[in-house]
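Let me begin by presenting the structure, written as structure tokens, before commenting on it.
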Amino acid sequence: MHEKFMARAIEIAAESIDTPGTLPYGAVVVKDGEIIGEGLNRADGTFDPTSHGEVEAIRDACGKLSVTNLGGADMYTSGEPCSMCVATMYQAGIKRLFYAGAASDSAAFFGRLSEHDPKWARSMSNQELREQVGLPLDQRAMPAEQIMVEDMVEVFNAFIDRHT
């Protein structure tokens, strides 16, 4: 059964070969033995860096079911997910991950692609992304500064007052 769902994820990834603005990363979300969401990386075509196959599959599944928690669903994806996709899976309640290509395969893919056209070069590898995301806020390469805390706490409190 796992091969059936992984084959579909790879089939979706293969759509990118002839679909402008897409990359070969496809994914499916499966729950109770049924595909409930599908996604293809459309980041370059939509100018949306969050449009990875896994995120798109989660968006599709959540939209179809009108939920934000996929409670125990599985993810099948053509490539080892980046940190953003893994975080999205946790947020959505994905229980298990199955993947085909490793992060090293993706790095080699982008390396070969960017040799032909520098537009394909990535600002950060998946490994660098994992390292940065895992660091405490004050140790990351991207500076962060907290401001207007009290104003935001007021919004949180107003929301609670309205919705409880």
Side-chain angles (χ1 to χ4, degrees), residues 1-16 19 21-107 109-110 122-137 139-140 142 144 146 149 152-153 155-164:
M1 176 161 306
H2 294 302
E3 288 78 12
K4 170 183 145 184
F5 298 129
M6 185 58 74
R8 179 61 185 142
I10 293 170
E11 180 181 18
I12 293 167
E15 292 175 15
S16 70
T19 306
T22 63
L23 288 166
Y25 297 96
V28 296
V29 176
V30 175
K31 191 165 183 181
D32 300 325
E34 298 292 327
I35 294 175
I36 60 171
E38 297 186 340
L40 174 64
N41 183 312
R42 298 180 182 282
D44 288 326
T46 59
F47 306 106
D48 177 359
T50 68
S51 182
H52 290 197
E54 300 88 345
V55 173
E56 292 300 324
I58 289 169
R59 287 175 179 157
D60 185 41
C62 288
K64 285 178 179 173
L65 300 177
S66 298
V67 299
T68 57
N69 185 336
L70 297 171
D74 294 331
M75 174 69 73
Y76 292 80
T77 180
S78 63
E80 183 179 343
C82 72
S83 296
M84 175 189 71
C85 292
V86 171
T88 305
M89 286 182 237
Y90 275 113
Q91 288 285 356
I94 298 294
K95 171 178 71 173
R96 293 184 301 179
L97 166 66
F98 300 90
Y99 66 97
S104 58
D105 298 318
S106 287
F109 164 73
F110 277 111
R122 294 303 183 231
S123 61
M124 187 177 285
S125 72
N126 276 345
Q127 183 57 37
E128 292 167 320
L129 178 61
R130 283 188 181 105
E131 290 168 4
Q132 284 295 308
V133 170
L135 289 172
L137 204 58
Q139 293 178 23
R140 294 181 189 158
M142 180 192 310
Q146 186 177 20
V149 177
M152 192 58 228
V153 169
V155 173
F156 287 146
N157 290 334
F159 187 93
I160 290 169
D161 290 345
R162 176 67 53 91
H163 295 279
T164 58

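Since this is a predicted model, take the numbers as computed values, not measurements.
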Glu56 side chain vs Gly39 backbone, donor-acceptor pair below 3.5 Å: no
CE on Met75 to OH on Tyr99, rounded to 0.5 Å: 14.5 Å
Sequence neighbours excluded - salt bridge (charged side-chain N to carboxylate O under 4.0 Å, His left out) pairs with any residue from residues 41-51: Asp44-Arg122, Asp48-Arg59
Side chains of Cys62 and Ile58 in contact at under 4.5 Å (non-hydrogen atoms): yes
Sub-4.5 Å side-chain heavy-atom contact between Glu11 and Arg8: yes
Counterpart residues, side chain to side chain contact (heavy atoms under 4.5 Å, CB included), relative to Gln139 (two or more places apart): Leu135, Pro136
Separation between CG of Leu129 and SG of Cys85, rounded to the nearest 0.5 Å: 9.5 Å
Side chains of Thr22 and Asn41 in contact at under 4.5 Å (non-hydrogen atoms): no
Under 3.5 Å: donor-acceptor pair, side chain of Arg130, backbone of Ser83: no
Glu131, CD atom: more than 12 neighbouring heavy atoms under 6.0 Å: yes
Salt bridge (charged side-chain N to carboxylate O under 4.0 Å, His left out) partners of residues 95-105, not counting sequence neighbours, each pair once: Asp74-Arg96
In a table with atom names and distances, give each donor-acceptor pair under 3.5 Å that connects a side chain of residues 25-36 to protein atoms at least two apart or in another chain.
{"unit_1": "Tyr25", "atom_1": "OH", "unit_2": "Ser106", "atom_2": "OG", "d": "2.9"}
{"unit_1": "Lys31", "atom_1": "NZ", "unit_2": "Leu70", "atom_2": "O", "d": "3.3"}
{"unit_1": "Lys31", "atom_1": "NZ", "unit_2": "Gly71", "atom_2": "O", "d": "3.3"}

Reported CG-to-CZ distance for the pair Leu23 and Phe110, which is rounded to 0.5 angstrom: 5.0 Å
Steps toward side chain to side chain contact (heavy atoms under 4.5 Å, CB included) verdict (Leu97, Glu54): CA-CA 10 Å; Leu97 166 66; Glu54 300 88 345; 6.0 Å; no
Salt bridge (charged side-chain N to carboxylate O under 4.0 Å, His left out): pairs with one or both residues in residues 63-72, sequence neighbours excluded: Asp60-Lys64
Under the side-chain hydrogen bond (donor to acceptor under 3.5 Å, both in side chains) test, residues paired with Glu128 that sit two or more places apart: Ser125
Residue pair Ala100 / Ile10: nearest heavy atoms and the distance that separates them: CB-CD1, 4.2 Å
Parallel, tilted or perpendicular: ring planes of Tyr76 versus Phe98, cut at 30 and 60 degrees: parallel
Thr46 to Ser51 - nearest heavy-atom pair and separation: OG1-CB, 3.9 Å
